[in-house]
Amino acid sequence: MARAKELKFKVPDRPGMLGEIAGALGEKKVNLRAINAWVEGTEGVVRIVVDKHAVAKKLLAKKGWTPEERDVIELELADKPGTLGEAAAKLGRAGVNITHVFVGTGLARKATVFLGVSDPAAAAKALR
């Protein structure tokens, strides 16, 4: 298990916004490792994990998107039924609350899971 940083920010809800975000990051050679987005009212809410955190944070701020930074934990799990359930149950037994999750799977039959949690230190201990 590793720690990562996510950036959460709001953007206008309009066609092309995801392309604008991803394109701007790409122009700065920032690779998206994970993204989660949804719409609330007239705004899009976006959470990202990237390989060049400081560059992305500066870029988002320059565009007026005011990123909030938060520590998340990063797990690599086997891409098979039940593995996320096992990890989440361990966190629950340790009293760690999961506030949000985003998951991606790759061709190597592994899943990378990013969890926002109430206590990253307790999460690390629970998942050893």
Side-chain angles (χ1 to χ4, degrees):
M1 186 196 84
R3 288 194 185 194
K5 296 258 186 210
E6 76 171 16
L7 294 169
K8 178 184 172 187
F9 54 99
K10 294 183 179 182
V11 296
D13 175 26
R14 63 173 171 74
M17 185 50 70
L18 179 59
E20 184 176 336
I21 295 165
L25 291 168
E27 286 176 14
K28 293 292 185 183
K29 306 292 186 219
V30 175
N31 190 39
L32 275 168
R33 299 194 54 231
I35 185 167
N36 176 262
W38 64 95
V39 173
E40 290 180 357
T42 61
E43 293 182 307
V45 181
V46 183
R47 292 180 191 266
I48 60 173
V49 176
V50 297
D51 66 342
K52 296 178 183 170
H53 183 80
V55 174
K57 186 175 179 181
K58 183 178 177 180
L59 170 72
L60 296 172
K62 188 175 182 179
K63 291 211 165 259
W65 293 334
T66 318
E68 298 172 22
E69 185 176 301
R70 181 173 176 176
D71 288 327
V72 292
I73 60 172
E74 178 179 347
L75 303 173
E76 185 175 280
L77 302 174
D79 185 14
K80 64 179 189 175
T83 56
L84 178 58
E86 291 169 12
K90 284 181 183 178
L91 292 174
R93 286 191 297 273
V96 176
N97 185 41
I98 298 170
T99 59
H100 59 284
V101 60
F102 33 124
V103 179
T105 60
L107 298 175
R109 304 288 299 160
K110 296 284 185 180
T112 301
V113 180
F114 296 91
L115 298 170
V117 296
S118 58
D119 186 341
K125 185 176 178 183
L127 294 170
R128 281 190 202 138

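Listed by first then second residue, pairs satisfying salt bridge (Lys or Arg N to Asp or Glu O under 4.0 Å) with a partner in residues 52-61 read K57-E69, not counting sequence neighbours.
Here L60 contributes atom CG and T66 contributes atom OG1; the two are 9.5 Å apart, rounded to the nearest 0.5 Å. Separating the CG atom in L91 from the CD1 atom in I98 is a distance of 5.0 Å, to the nearest 0.5 Å. Rounding to the nearest 0.5 Å places OG1 of T42 at 12.5 Å from CZ of R14. Once rounded to the nearest 0.5 Å, the distance linking CD of E20 with CH2 of W65 reads 4.5 Å.
When side chains are defined from C-beta on, R47 does not count as touching F9, because their heavy atoms never get closer than 4.5 Å. Between P67 and K8 the shortest side-chain heavy-atom distance does not fall below 4.5 Å. Proximity of L115 to L75: side-chain heavy atoms (C-beta onward) are separated by under 4.5 Å at one or more points. Contact annotation: the side chain of D51 approaches that of V30 to within less than 4.5 Å [non-hydrogen atoms, C-beta and beyond].
Between the side chains of R70 and T99, at least one donor-acceptor pair of N or O atoms lies under 3.5 Å.
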### Task
Could you walk me through whether E68 and E6 pass the side-chain contact (heavy atoms from CB on, under 4.5 Å) test, one step at a time?
CA-CA 8 Å; E68 298 172 22; E6 76 171 16; over 6 Å; no

### Message
Pair V103, L77 - check side-chain contact (heavy atoms from CB on, under 4.5 Å), show working.
### Response
CA-CA 10 Å; V103 179; L77 302 174; over 6 Å; no

### Message
Using the rule given for side-chain contact (heavy atoms from CB on, under 4.5 Å), can you reason through L25 versus I48, listing the C-alpha separation, both sets of side-chain angles and the distance that settles it, and then say yes or no?
### Response
CA-CA 11 Å; L25 291 168; I48 60 173; 4.0 Å; yes

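Side-chain heavy atoms closer than 4.5 Å link hydrophobic residues (I, L, V, M, F, W, Y) into clusters, and following such links, possibly through other members, connects V96 to V101. Cluster annotation: V39 and V11 are assigned to distinct hydrophobic clusters (Ile/Leu/Val/Met/Phe/Trp/Tyr, side-chain heavy-atom contacts under 4.5 Å, transitive). Following chains of ILVMFWY side-chain contacts shorter than 4.5 Å, one can reach L59 starting from M17, so the two form part of one hydrophobic cluster.
The minimum heavy-atom distance linking L32 with A22 is given by the pair CD1-CB, 4.4 Å. In terms of heavy-atom proximity, H53 sits nearest to L7 at CE1-CD2, 3.3 Å. Pairing each heavy atom of V50 with each of A56, the nearest pair is CG2-CB, 3.7 Å.
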Which atom pairs, one a donor and one an acceptor, fall under 3.5 Å between side chains of residues 119-128 and the rest of the protein, sequence neighbours left out?
from, atom 1, to, atom 2, distance (Å)
D119, OD1, A121, N, 3.2
D119, OD1, A122, N, 3.1

